[in-house]
Amino acid sequence: MSYVAQITVKECHDLKSADRDGTSDPFVKVYTEGNRKKGKGNTRHISNTLDPVFTKHNKFNLQADDGVAIYVEVWDHDRIGKDFLGIAHFVCGDVEEGDLVLPLGELDGQEDGITGTVLINYTKGVNFFE
């Protein structure tokens, strides 16, 4: 039975620095397994911090069911391009609803120096489309 996975991105901690001033301008992308290019959406970026707190444009509803993986990527926003800061994921049905602290890791083993965590809130909502 499918449902709506409601993801609220709350904050990140101890992100790696991607900018010359020793900070980053992080934003978060949320999507389900197999939908990386489509994505559900991004948070706004927060300037000059390694510990962003997201308060606007941070809630996402994703079609899911138990067994579906939800991915959370953290990126550094730049005027031209963006820098990868880390990725985390969890599988619906394998975790309890509520706040989840997810450690950030590498994307396909291509990045070095990934640090930090992302705090999200995960709840299951009613799927009115079935």
How about C12 and P26: do any of their side-chain heavy atoms sit closer than 4.5 Å? no

So, for I120 and F90, which heavy atoms are closest and what is the spacing to 0.1 Å? CD1-CE2, 3.4 Å

To the nearest 0.5 Å, tell me how far L104 CG sits from L15 CG. 6.5 Å

Set of salt bridge (Lys or Arg N to Asp or Glu O under 4.0 Å) partners for K124, sequence neighbours left out: D66

Using the rule given for side-chain contact (heavy atoms from CB on, under 4.5 Å), can you reason through V74 versus F84, listing the C-alpha separation, both sets of side-chain angles and the distance that settles it, and then say yes or no? CA-CA 7 Å; V74 183; F84 179 74; over 6 Å; no

In terms of hydrophobic clustering (I, L, V, M, F, W, Y; side-chain heavy atoms under 4.5 Å; direct or indirect links), are V95 and L102 co-clustered? yes

Any side-chain heavy atom of N121 within less than 4.5 Å of one from L100? no

Please check this pair: side chain of D21 against backbone of T23, looking for a donor-acceptor N/O pair closer than 3.5 Å. yes

Kindly write out the residues that satisfy side chain to side chain donor-acceptor pair (under 3.5 Å) with Y122, not counting sequence neighbours, or none if the list is empty. Y3

side-chain contact (heavy atoms from CB on, under 4.5 Å) assessment of I70 paired with V30: CA-CA 7 Å; I70 294 181; V30 178; 4.2 Å; yes

What salt bridge (charged side-chain N to carboxylate O under 4.0 Å, His left out) pairs are there with at least one residue in residues 77-97, not counting sequence neighbours? none

Start with the C-alpha gap between W75 and N42, add the side-chain angles, then the distance that decides, and say whether side-chain contact (heavy atoms from CB on, under 4.5 Å) holds. CA-CA 10 Å; W75 292 86; N42 300 334; over 6 Å; no

Show me the pairs that pass salt bridge (charged side-chain N to carboxylate O under 4.0 Å, His left out) and involve residues 45-61, at least two apart or across chains. none

Applying side-chain contact (heavy atoms from CB on, under 4.5 Å) to H77 and not counting sequence neighbours gives D25, F27, H45

To the nearest 0.5 Å, atom SG of C92 lies from atom CG of D65 at 7.5 Å

First locate atom CG of D99, then atom CG of L119, and finally report the distance between them rounded to the nearest 0.5 Å. 5.0 Å

Atom pair OG1/NE2 of T49 and H13 - distance to nearest 0.5 Å: 9.5 Å

Using 0.5 Å steps for rounding, measure from the CG atom of L50 to the NZ atom of K16. 11.5 Å

Taking P103's backbone N and O only, do any of them form a donor-acceptor pair with T117's side chain (distance below 3.5 Å, no angle check)? no

Would you please name every residue forming a ring-ring contact (aromatic ring centres under 6.0 Å, His included) with F54, sequence neighbours left out? none

When you measure from the side chain of N58 to the backbone of V9, do you find a donor-acceptor pair of N or O atoms at a distance under 3.5 Å? yes

As a quick check of understanding, evaluate side-chain contact (heavy atoms from CB on, under 4.5 Å) for V4 and L62, giving each step before the final call. CA-CA 5 Å; V4 174; L62 300 138; over 6 Å; no

In the single-linkage hydrophobic clustering (I, L, V, M, F, W, Y; side-chain heavy atoms under 4.5 Å), do V68 and Y31 co-cluster? no

Please determine whether side chain to side chain donor-acceptor pair (under 3.5 Å) holds for the pair S2 and Q63, giving the CA-CA distance in whole Å, both sets of side-chain angles, and the decisive distance to 0.1 Å. CA-CA 7 Å; S2 67; Q63 191 71 30; 3.1 Å; yes

Do the side chains of I114 and V72 join up, straight or via other hydrophobic residues, at under 4.5 Å, putting them in one cluster? yes

Measure up the H89 and Y71 rings against each other and bin them: parallel (under 30°), tilted (30 to 60°), perpendicular (over 60°). parallel

